[in-house]
Amino acid sequence: MDNIAGTKSSLVWTVNLSVVALVLLWTIPTFGLLVSSFRDRDQITTSGWWQSLFPSEQNIVYRIGDADTQRPEGAGFVIDGNVFGDGTGEVNAFGITSREPTAFAPGDVADMGDGVTATVQEDGTYAVTSPVAFEGRSPRLFITSVTPPRFTLENYDRVLFAEGLGRAFLNTMTVTIPATVIPILIAAFAAYALAWMEFPGRALLIAGVVGLLVVPLQLSLIPLLKLHNTLGIAGEYLGVWLAHSGFGLPLAIYLLRNYMVGLPREIIESARVDGATDFQIFIKIILPLSFPALASFAIFQFLWTWNDLLVAIVFLGNSEDTLVMTGVMKELLGSRGGDWEILAASAFVSIFVPLVVFFAMQKYLVRGLLAGSVK
Amino acid sequence: MATATIVIGVAGCVFYFFMSNIVLDSIFPPRGANAGRNILRAGLIRPWLFLMPAIILLTVYLVYPVFVSVWLSFHDSNGQNFVGADNYLWLVNDPKFRESLWNNFMWLLVVPAGSTFFGLIAAALTDRIRWGNFAKAMIFMPMAISFVGASVIWKFIYDYRGDGQAEVGMLNAIVVALGGEPQTWLSQIPTNSFLLMVVLIWIQTGFAMVILSAALRGIPEETIEAAILDGASPLQIFTKIKVPQIWGTIAVVWTTITITVLKVFDIVLAMTNGQWGTQVLANLMFDWMFRGNDTGRASAIAIVIMLTVTPIMIWNIRNARKEMR
C-alpha cells in the first residue's frame with residue numbers, strides 16, 4: 001500500500017512513529033521485568049530497572065562493630081572495619097546523624113562529641129576512635145555509596161533450586177504434554193467422523209460441539225471435583241489430563257472438522273473405491289493432510305495448558321509435589337510480594353517455553369486463530 | 001516416574017483406537033464372501049468407535065456438570081438439603097456479589113472495546129509499513145504469556161515504595177518525574193479495576209490485531225481504488241470504506257474477547273485477590289468454593305456466569321447451522 005497515489009511522506013512518518021510507540025508500549029513491560037530478573041537484589045529495590053546500566057546510589061545505615069571488637073591504640077581506643085562488610089563499593093559521603101547523612105566527604109574526620117571521632121575512607125574502611133573505652137551500643141554511621149551496575153544469574157539459580165520452581169517446571173511438563181496429545185488424538189477421530197462419515201444425529205452433534213465451545217469452566221469445577229474425589233483421581237495427573245482434554249475438545253473438534261471438511265472429496269472417494277476402510281483412510285490420508293490444523297490446535301492447547309492456573313490448582317491441588325509453575329508464582333506473589341528478583345526470575349522461567357513455541361510456530365498459531373474465529 | 005505416566009497416558013489412548021478398529025475389522029472382515037454386507041455393517045458402527053471417547057469426555061466434563069451445578073445451586077453448603085432459591089436470594093442481597101456483577105459489567109464494556117480498538121489500529125498501521133511483521137509479532141507476543149505471568153509483569157509496573165524511597169515501579173516513577181505523589185495504585189477504588197483491565201487488554205490486543213489484519217487484507221481492492229479516485233483521504237478510506245466492510249469480523253473478535261472476559265479469574269486472583277473493590281464473578285465463585293466451602297453459593301454464582309454466556313452460545317449455534325446448510 002506504500003505506493004498508492006496520494007500517500008504523503010508526513011503520513012508515512014506518522015504511521016511509522018505510531019507503530020514504534022505501540023510496539024514499545026507492548027514490549028516495555030515484559031522487557032522491564034526481564035532486565036530486573038538479572039539484577040542484584042539490593043539494586044532492584046533502590047533504583048528502577050531503566051537505571052540498571054548506571055551506578056546506583058544507596059543509603060546505608062551502618063552500626064559499627066561491638067564494644068568488644070575495640071582495641072587500644074595510642075592514648076585511646078579504636079573500632080574499625082569496612083562498612084560494605086565483604087562486599088565492595090564506593091563511599092560518596094557519610095554522616096553521623098540521620099538528619100545530615102551526607103555531612104562529610106570520604107576521608108574527613110567527624111567529631112561525634114566527647115572526643116570521639118569517626119572517619120570513613122572511599123573504599124569503605126572506617127575507624128572510630130575514643131579517648132575512653134567504648135561501652136554499650138556502638139554508634140551508627142550513615143553512608144551514601146555508589147555501587148556499580150551488577151548483573152547476575154543468582155536469581156535464576158535461587159528460584160530453580162531453592163524456591164521449588166525446578167520441580168514445578170517438571171510438573172508443568174507432566175501436565176502439559178499428555179494434556180496436549182490426548183485431546184488431539186481423540187478430537188482428530190471425532191472430527192473425521194463428523195466431517196466424512198454418514199450417520200444419524202451428525203448435525204445435532206456438530207451443533208452440540210459449537211454450543212459447548214463457550215461453556216464456562218467455572219461451571220464444571222465443583223461437580224467434577226466431587227466426581228474426581230469419588231473416582232479417587234483428585235490430585236492425580238490423570239485427573240488433570242482428563243479435565244484439560246475435556247475442556248479443550250470442543251475447540252479441537254471444531255477446528256479439525258472445519259479443516260477436514262475442506263479436504264478434496266475425490267481423494268477419499270477413490271480410496272474407498274480401492275477398498276480402504278475408514279480407519280485406513282483416516283490414518284494414511286487424512287491425518288497427514290491435516291497436519292497444519294493439528295499443529296494449530298496443538299499450539300493452542302499447549303499454550304493454554306502450560307499457562308493455566310485454575311484447572312491445575314483445582315484438580316491437582318496445592319501440594320508441593322504437584323504444584324505447577326503458575327501455582328508457584330501465585331503463591332510467591334502472595335508470600336513474597338516485594339521480592340521482585342524472585343518474582344521476575346520465576347516469571348521468566350515460566351514464560352520462556354511458551355515464548356519459544358510461540359515464535360517458532362507463529363504461522364500455525366495465526367492460521368488456527370483465523371480458522372477458529374473468522375468462520 | 002513422570003515420564004512413565006506420560007507414556008502410559010498417551011499410549012493408552014492410541015491403543016484404544018487401534019484395538020477397537022482391529023476388533024471391528026475382524027468381526028466384519030472387509031473381504032471374503034460377505035465383504036459388501038460386512039463393510040456396510042462396520043460402517044454403521046465405526047463412526048461411534050471414532051466418536052466414543054470424545055462423546056464420553058464431553059458429556060462427563062462439560063454436559064453433566066451443567067446439570068449438577070443447577071442441582072447444587074438449589075441445595076445448601078454441602079449439597080445435602082434442598083433450600084429452594086435461598087442461594088439466589090442471598091446472591092441478590094450480597095454486596096460482594098453486586099460489586100462483582102458491576103465489575104464484570106465494567107470489564108465487559110472496557111476490555112473488548114479496548115482490545116478491538118487497539119487491535120484495529122495496530123492492524124491498520126502495521127499493514128502499511130515494511131517492518132510490519134516484526135511489529136505484529138511484538139504486539140502479539142503477550143498472547144503466549146500466562147495470565148499469572150502477565151500479572152507479575154504488571155504488578156511490577158504498579159509497584160509502590162513510598163516513604164521517600166526511590167520508586168522502582170514504572171507508573172509511580174513517571175508520576176514522580178512529572179512532579180506528582182506516588183500512589184498505591186492497586187488499592188485505590190475505582191482506578192485499580194481499570195488497571196487490572198489494562199493487563200487483559202494488553203494480552204488480547206494481539207489476538208484482535210491478527211484476525212482484523214486478515215480481514216482488512218481480504219477487502220476487495222476495487223472499493224479502495226474507487227475511493228482513492230474519488231479523492232478520499234487515508235483516514236476517510238479507513239473509517240468509511242474499510243471498517244464498514246469488516247463489521248462481521250469485528251463482531252466475532254468482540255464476542256470472542258467477551259467470552260474470555262466473563263471467565264477472567266487469574267489476573268484478579270494474582271493481583272488483588274478481589275480486595276479493594278476489584279472482585280469479579282469467577283474469582284468470587286472460586287472464593288466460595290475453596291475458602292467459603294459452600295458448594296450451593298459457589299454453584300449459584302457459576303450458573304450466573306453460565307447465563308451471561310448463553311446468548312453468545314445460541315448466536316454461535318445459529319451461525320454454525322446456517323453455514324452447514
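Letters go in sequence order (proteins before strands), and every chain restarts at 1.
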Going from [atom1] on [X] to [atom2] on [Y], what distance comes out if it is rounded to the nearest 0.5 angstrom?
X	Y	atom1	atom2	answer
A:Leu217	B:Leu62	CG	CG	8.0 Å
B:Leu284	A:Gln218	CG	CD	11.0 Å
A:Ile299	B:Met143	CD1	CE	11.5 Å
A:Ile313	B:Phe286	CD1	CZ	3.5 Å
B:Ser146	A:Met325	OG	CE	8.5 Å
B:Ile305	A:Leu219	CD1	CG	8.5 Å

Please report the closest heavy-atom contact between [X] and [Y], naming both atoms and the distance.
X	Y	answer
A:Leu242	B:Leu57	O-CD2, 3.9 Å
A:Leu221	B:Met289	CB-CE, 3.8 Å
B:Phe156	A:Gly32	CE2-O, 4.1 Å
B:Met138	A:Phe359	CE-CZ, 4.1 Å
A:Gly246	B:Leu58	O-CD2, 4.1 Å
A:Gly211	B:Ile317	CA-CD1, 3.6 Å

Do any side-chain atoms of residues 189-198 of chain A form donor-acceptor pairs under 3.5 angstrom with protein atoms, and if so which ones, sequence neighbours left out?
{"from": "A:Tyr192", "atom 1": "OH", "to": "A:Asp278", "atom 2": "OD1", "distance (Å)": "2.8"}
{"from": "A:Trp196", "atom 1": "NE1", "to": "A:Met260", "atom 2": "O", "distance (Å)": "3.0"}

> When the ring centroid of A:Phe279 is compared with that of B:Phe17, is the distance short of 6.0 Å?
Replying inline: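 Between A:Phe279 and B:Phe17, the centre distance exceeds or equals 6.0 Å.
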Side-chain contact, heavy-atom cut-off 4.5 Å: [X] with [Y]?
X	Y	answer
B:Tyr61	A:Leu224	yes
A:Val215	B:Val309	no
B:Leu269	A:Leu309	yes
A:Asn307	B:Ile145	no
A:Leu343	B:Lys155	no
A:Leu213	B:Ile259	no
B:Phe118	A:Leu25	no
B:Phe140	A:Val366	yes

May I ask you to name which of [options] has the most heavy-atom pairs under 4.5 Å with chain A?
options	answer
B:Ala302, B:Ala135, B:Ala144	B:Ala144
B:Tyr64, B:Phe18, B:Phe134	B:Phe18
B:Gly149, B:Ala173, B:Ala137, B:Pro142	B:Ala137

Which answer fits [X], side chain, backbone, both or neither, if we ask what part of it has an atom under 4.5 Å from a heavy atom of chain B?
X	answer
A:His228	side chain
A:Val314	both
A:Ile253	side chain

> Going through the checks in order, is the side-chain contact (heavy atoms from CB on, under 4.5 Å) test met by B:Phe290 and A:Leu225?
Replying inline: CA-CA 11 Å; B:Phe290 280 111; A:Leu225 195 58; 4.3 Å; yes
> Is A:Leu204 atom CG crowded by more than 12 heavy atoms from other residues, nucleotides or ligands, each under 6.0 Å away?
Replying inline: no
> What part of B:Ile303 is in contact with chain A, defined as an atom under 4.5 angstrom from a non-hydrogen atom: side chain, backbone, both or neither?
Replying inline: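 Both parts, backbone and side chain.
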> With only heavy atoms counted, which part of B:Val70 is less than 4.5 Å from chain A, the side chain, the backbone, both or neither?
Replying inline: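 Neither part, no heavy atoms under 4.5 Å.
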> Yes or no on side-chain contact (heavy atoms from CB on, under 4.5 Å) for A:Ile28 and B:Ile157, after CA distance, side-chain angles and deciding distance?
Replying inline: CA-CA 10 Å; A:Ile28 279 186; B:Ile157 288 185; 6.0 Å; no
